[in-house]
Amino acid sequence: MACGGGVHGGGNNGGRGKSDSNNRFGNLDTNDRAPGEDSSSPYFLSNNENLGLFLVSAHLIGSNFNSWNRAINMALVAKNKLCFVDGSIDKPSVDDLVYGLWSRCNSMVMSWILHSISKDIAESIMYLDSVFDMWSDLFDGFHQGNNPRVFQIKELLSNLVQGSSDVSGYFTRLRTLWEELKDFRHFPACSCGAMKHLDTYVGSLPLINKVFSLIVQEERQRSLSSLNLSQPSVAAYGASSSNFNSYKGKKDKPYCTHCGMLGHTIEKCYKIHGYPPGYKPKGKFSDSIKG
């Protein structure tokens, strides 16, 4: 039999040493498989499940209990071990057929919990006897009431600005706060029909993920545009360098104010002082001499 659901606080009897006839695995049918061999049973442990298993990536440090609680719940549901935490499986008596299986799974889940919390917190619950007691202690110590946390989230949202963060980082932080606030605020079902009109209005608006995608694309395009403006192409740089060198070369040559030609000054102009013996002008200059 599988176990599931969510944990919001301690139960009333799980793991407290109580045993009664309601234990779902107390009376075994000899024709059924043992709970430890049935993969659908919460007493089943696969070969890859060991004491050093890390169920979540972020350890509980106290202030992050709400997000850690959600993550650890999902992991325990996937492992079919949430019923050891929420108290839906009682601790069997020592002479019960499943006591050994319960003790083994209880110790395994306790180890997983200890590996999912900070060292200081782990030391404070190390000597408790059951995972149910561990969970109750953590919940009572670190769970924040709805009203104080809702107020805190609203304050964070009102003061949240993008600043130097990129769009992705800003949106991720914003959405994290939105989702946590949504988890705290459960609205009753609408019975007056007003929600239909609201859904029609909201349905005409683009989805937040679509808006986020468009903004990210715009940010990337602007980044590329600014990069192209700040770094001219190699071809343009080469052309400007060539024009500059050509202009610089012309500027460095001497200029004759009499004939308007480059390469000599008026003091050495042949048209004033005469051509040297044997000089043979070329092109249009030869025609001007002949004339």
Side-chain angles (χ1 to χ4, degrees), residues 3-11 54-82 85-86 112-113 115-118 120-121 134-224 226:
C3 61
V7 179
H8 300 288
F54 290 91
L55 296 183
V56 293
S57 57
H59 287 187
L60 172 65
I61 57 175
S63 59
N64 64 334
F65 178 82
N66 292 317
S67 58
W68 176 87
N69 175 42
R70 184 170 180 81
I72 202 75
N73 265 264
M74 290 188 292
L76 290 172
V77 169
K79 292 291 185 182
N80 199 19
K81 297 294 183 290
L82 190 64
V85 173
D86 64 11
W112 293 346
I113 297 296
H115 279 84
S116 303
I117 60 182
S118 66
D120 293 338
I121 299 176
M134 273 188 176
W135 192 270
S136 299
D137 189 276
L138 292 175
F139 186 89
D140 293 340
F142 297 105
H143 178 260
Q144 299 184 35
N146 288 6
N147 292 334
R149 182 54 183 166
V150 167
F151 176 79
Q152 185 180 17
I153 294 174
K154 288 182 177 181
E155 284 291 307
L156 292 173
L157 285 171
S158 63
N159 296 324
L160 185 64
V161 294
Q162 181 175 353
S164 59
S165 302
D166 56 13
V167 174
S168 297
Y170 174 68
F171 177 74
T172 300
R173 177 57 178 159
L174 187 64
R175 186 168 185 175
T176 299
L177 293 172
W178 281 345
E179 292 299 326
E180 187 176 357
L181 183 61
K182 180 181 176 182
D183 187 59
F184 276 109
R185 302 176 68 181
H186 301 284
F187 296 99
C190 175
S191 58
C192 65
M195 281 300 296
K196 293 182 179 180
H197 300 286
L198 181 60
D199 290 340
T200 302
Y201 172 74
V202 173
S204 64
L205 299 176
L207 297 176
I208 186 65
N209 288 339
K210 182 63 176 178
V211 175
F212 168 65
S213 177
L214 294 174
I215 294 176
V216 169
Q217 292 179 21
E218 178 67 19
E219 183 184 49
R220 290 174 180 172
Q221 290 176 358
R222 290 186 179 184
S223 177
L224 291 175
S226 61

statement: Smallest heavy-atom separation, I72 atom then V56 atom, equals N-CG1, 3.8 Å
- request: List the atom of Y170, the atom of V161, and the distance in Å for their closest heavy-atom pair.
  value: CE1-C, 3.5 Å
query: To the nearest 0.5 Å, how far apart are OG in S158 and CD1 in I153?
result: 12.0 Å
- line: For residues 159-169, the salt bridge (charged side-chain N to carboxylate O under 4.0 Å, His left out) pairs (sequence neighbours left out) are none
query: Are L157 and W178 side-chain neighbours, meaning at least one heavy-atom pair lies under 4.5 Å?
result: yes
query: Between G62 and F142, which heavy-atom pair has the shortest distance, and what is it?
result: CA-CD2, 3.5 Å
- prompt: Listed by chain and number, what are the ring-ring contact (aromatic ring centres under 6.0 Å, His included) partners of H59, not counting sequence neighbours?
  reply: none
message: Quick check for you: to the nearest 0.5 Å, what is the distance between T176 atom OG1 and F171 atom CZ?
response: 9.5 Å
- line: Shortest non-hydrogen pair, L138 vs F65, comes out as O-CE1, 3.9 Å
- request: Quick one: which residue pairs count as a salt bridge (charged side-chain N to carboxylate O under 4.0 Å, His left out) with a foot in residues 57-75, not counting sequence neighbours?
  value: R70-D183
message: As an exercise, state the distance from CG of L55 to CE of M74, rounded to the nearest 0.5 Å.
response: 11.5 Å
field: Any donor-acceptor pair under 3.5 Å from N159 side chain to E155 backbone
entry: yes
- request: State the CG-CH2 distance between N73 and W135, to the nearest 0.5 angstrom.
  value: 5.0 Å
- request: Check salt bridge (Lys or Arg N to Asp or Glu O under 4.0 Å) between R173 and all other residues, then give those that pass, not counting sequence neighbours.
  value: none
- prompt: With sequence neighbours excluded, what pairs up with N64 under the side-chain contact (heavy atoms from CB on, under 4.5 Å) test?
  reply: L60, I61, S67, W68
